[in-house]
Every structure is written in C-alpha cells, then in structure tokens.
Amino acid sequence: MIPIPKGAQPIIEARLRGQKPCELILVSLIGPVAEANHTVFANPNGSYDWRWVIGLQLCLMVNAQTRRAAWDMLLAIGKDSPAQLHVWNVDQFKGARVVVLPNPADIEKPRSAWRWARESEPWSDFDNENFAWSP
C-alpha cells in the first residue's frame with residue numbers, strides 16, 4: 001500500500017463526507033512553513049498516493065535542496081488531476097504553474113499505458129510578489 005503524505009488524512013476524511021477544501025493546499029517538501037493554508041508534508045524522495053488531490057488547488061513548496069526531486073513529484077501529483085498545480089521556490093520567491101497531460105497519441109489506450117508530459121509556465125513578477133506577500 002502506497003502511503004499518503006502527512007496531513008492529508010483530514011482532507012481525505014472531508015472528501016469522504018462529500019466536502020473538499022476550497023483553499024490552496026500547500027504540499028511542503030521543506031518542512032513547516034509559516035502559512036495559514038492547510039499544509040501537507042512529503043519527503044522529497046518519497047512515493048505517495050495522490051488520488052485525494054482530484055479537483056483541488058495545490059502548491060508544492062520547494063527550496064534549493066528539494067527542487068530537483070520536486071519535478072518527479074509534480075508529475076506524480078499531476079497525474080491525479082488537481083484543478084490547479086503550482087510550485088513555489090521559497091529561496092528564489094518564484095513560482096510557476098504546472099500542467100501534466102497525457103500524450104495525445106495515448107488517449108485511446110488504457111490509462112495505465114499513458115505516457116505523461118509535464119510543462120511549466122513561470123509566474124509573472126506581479127504574481128510572484130503577490131504570493132510572497134499574501135497573508
């Protein structure tokens with residue numbers, strides 16, 4: 001059985017009751033963050049069950065030590081269809097939107113046979129500043 005990240009259980013329990021968070025959920029690869037949003041903690045080199053993210057807004061929090069491992073995790077998370085997926089580098093104060101989609105040639109195949117692609121688009125200076133200073 002693949003584990004879930006620390007802090008995901010309350011979200012899963014809410015989803016089982018037919019509810020889902022409307023706020024941006026932070027997924028931290030850097031330990032505790034000083035943010036009011038619900039935060040889930042993951043080991044940058046860990047493998048997790050991400051099915052609970054369907055339709056949610058997520059932001060993966062990374063730093064210089066975890067940013068390389070983050071790309072594989074973003075691909076794993078993105079395969080489970082979050083509504084939005086972002087990454088925020090706390091060292092650089094820069095973010096990006098991440099999109100994970102199957103190769104169009106694979107759509108007729110079973111989902112387990114799909115090949116996936118990950119693309120990112122850097123946030124604008126305005127968005128970076130707004131996120132860095134949001135309460």
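The structure places CD1 of Ile25 at 13.0 Å from CG of Leu60, a figure rounded to the nearest 0.5 Å. In this structure, CG in Leu56 is found 11.0 Å from CD1 in Ile77, a value given to the nearest 0.5 Å. Interatomic distance, CZ of Arg115 versus NZ of Lys109, reported as 4.5 Å (0.5 Å rounding). For the atom pair OG of Ser28 and CG of Asn37, the computed distance is 12.0 Å after rounding to the nearest 0.5 Å. To the nearest 0.5 angstrom, Asp125 atom CG is 7.5 Å from Glu129 atom CD. A distance of 7.0 Å separates CD1 of Ile12 from CH2 of Trp52, quoted to the nearest 0.5 Å.
Listed for the Asn103 side chain is no donor-acceptor partner under 3.5 Å among the backbone atoms of Trp116. Proximity of a side-chain donor or acceptor of Trp88 to a complementary backbone N or O of Val62 within less than 3.5 Å is not detected. No donor-acceptor distance shorter than 3.5 angstrom exists from the side chain of Trp123 to the backbone of Asn128, with no hydrogens or angles considered. A donor-acceptor pair is defined here as one N or O able to donate and one able to accept, closer than 3.5 Å; no such pair exists between the side chain of His38 and the backbone of Pro10. Judged by distance alone, with hydrogens and angles left aside, the side-chain atoms of Arg15 form a donor-acceptor pair with the main-chain N or O of Ile54 at under 3.5 Å. In this structure, Lys6 contributes its side chain and Val40 its backbone to no donor-acceptor pair below 3.5 Å. Although no hydrogens or angles enter the test, the distance criterion places no donor-acceptor pair under 3.5 Å between the side chain of Ser120 and the main chain of Arg118.
Residues Pro44 and Leu29 share a closest heavy-atom pair of CG-O, 3.9 Å. Between Ala83 and Gly55, the closest heavy-atom pair is CB-O, 3.3 Å. Minimum interatomic distance between Phe41 and Gly31 (heavy atoms only, all atoms of both residues): CE2-O, 3.4 Å. Shown here for Ala113 and Asp106, the closest heavy-atom pair between the two residues is O-OD2, 4.1 Å. When all heavy atoms are compared, the tightest approach of Pro122 to Ala96 is CA-CB, 3.9 Å.
Leu24 and Met73 end up in different hydrophobic clusters when Ile, Leu, Val, Met, Phe, Trp and Tyr side chains are linked at under 4.5 Å. Both Ile11 and Leu16 belong to a common hydrophobic cluster when Ile, Leu, Val, Met, Phe, Trp and Tyr are linked at side-chain heavy-atom distances under 4.5 angstrom. Under the 4.5 Å side-chain heavy-atom criterion for grouping Ile, Leu, Val, Met, Phe, Trp and Tyr, Trp71 is not connected to Val90 through any hydrophobic cluster. Val87 and Leu75 fall within a single hydrophobic cluster, where Ile, Leu, Val, Met, Phe, Trp and Tyr side chains are chained together by heavy-atom contacts under 4.5 Å. Under the 4.5 Å side-chain heavy-atom criterion for ILVMFWY residues, a single connected hydrophobic cluster contains both Met61 and Phe93.
Around the CD atom of Glu119, the shell of radius 6.0 Å holds no more than 12 heavy atoms that belong to other residues, nucleotides or ligands. Counting heavy atoms of neighbouring residues, nucleotides and ligands inside a 6.0 Å radius, atom CD of Glu23 exceeds 12 of them. By the neighbour-count criterion of 12 heavy atoms within 6.0 Å, atom CZ of Arg68 is sparsely surrounded, having that number or fewer from other residues, nucleotides or ligands. In this structure, Gln84 places its CD atom where more than 12 heavy-atom neighbours from other residues, nucleotides or ligands lie under 6.0 Å away. Few gaps surround CD on Gln19; more than 12 heavy atoms of other groups in view lie less than 6.0 Å from it.
Between Gln9 and Ile4 there is a side-chain heavy-atom pair separated by less than 4.5 Å.
Legend: side-chain hydrogen bond (donor to acceptor under 3.5 Å, both in side chains) pairs involving residues 53-63, not counting sequence neighbours, sorted by first then second residue: Asn63-Gln65, Asn63-Thr66. Among pairs with a residue in residues 48-65, those fulfilling salt bridge (charged side-chain N to carboxylate O under 4.0 Å, His left out) read Asp49-Arg51, at least two apart in sequence or across chains.
Taking the six-membered ring where the residue is Trp, Tyr48 and Trp50 present perpendicular rings, their angle passing 60° and hence far from 30°.
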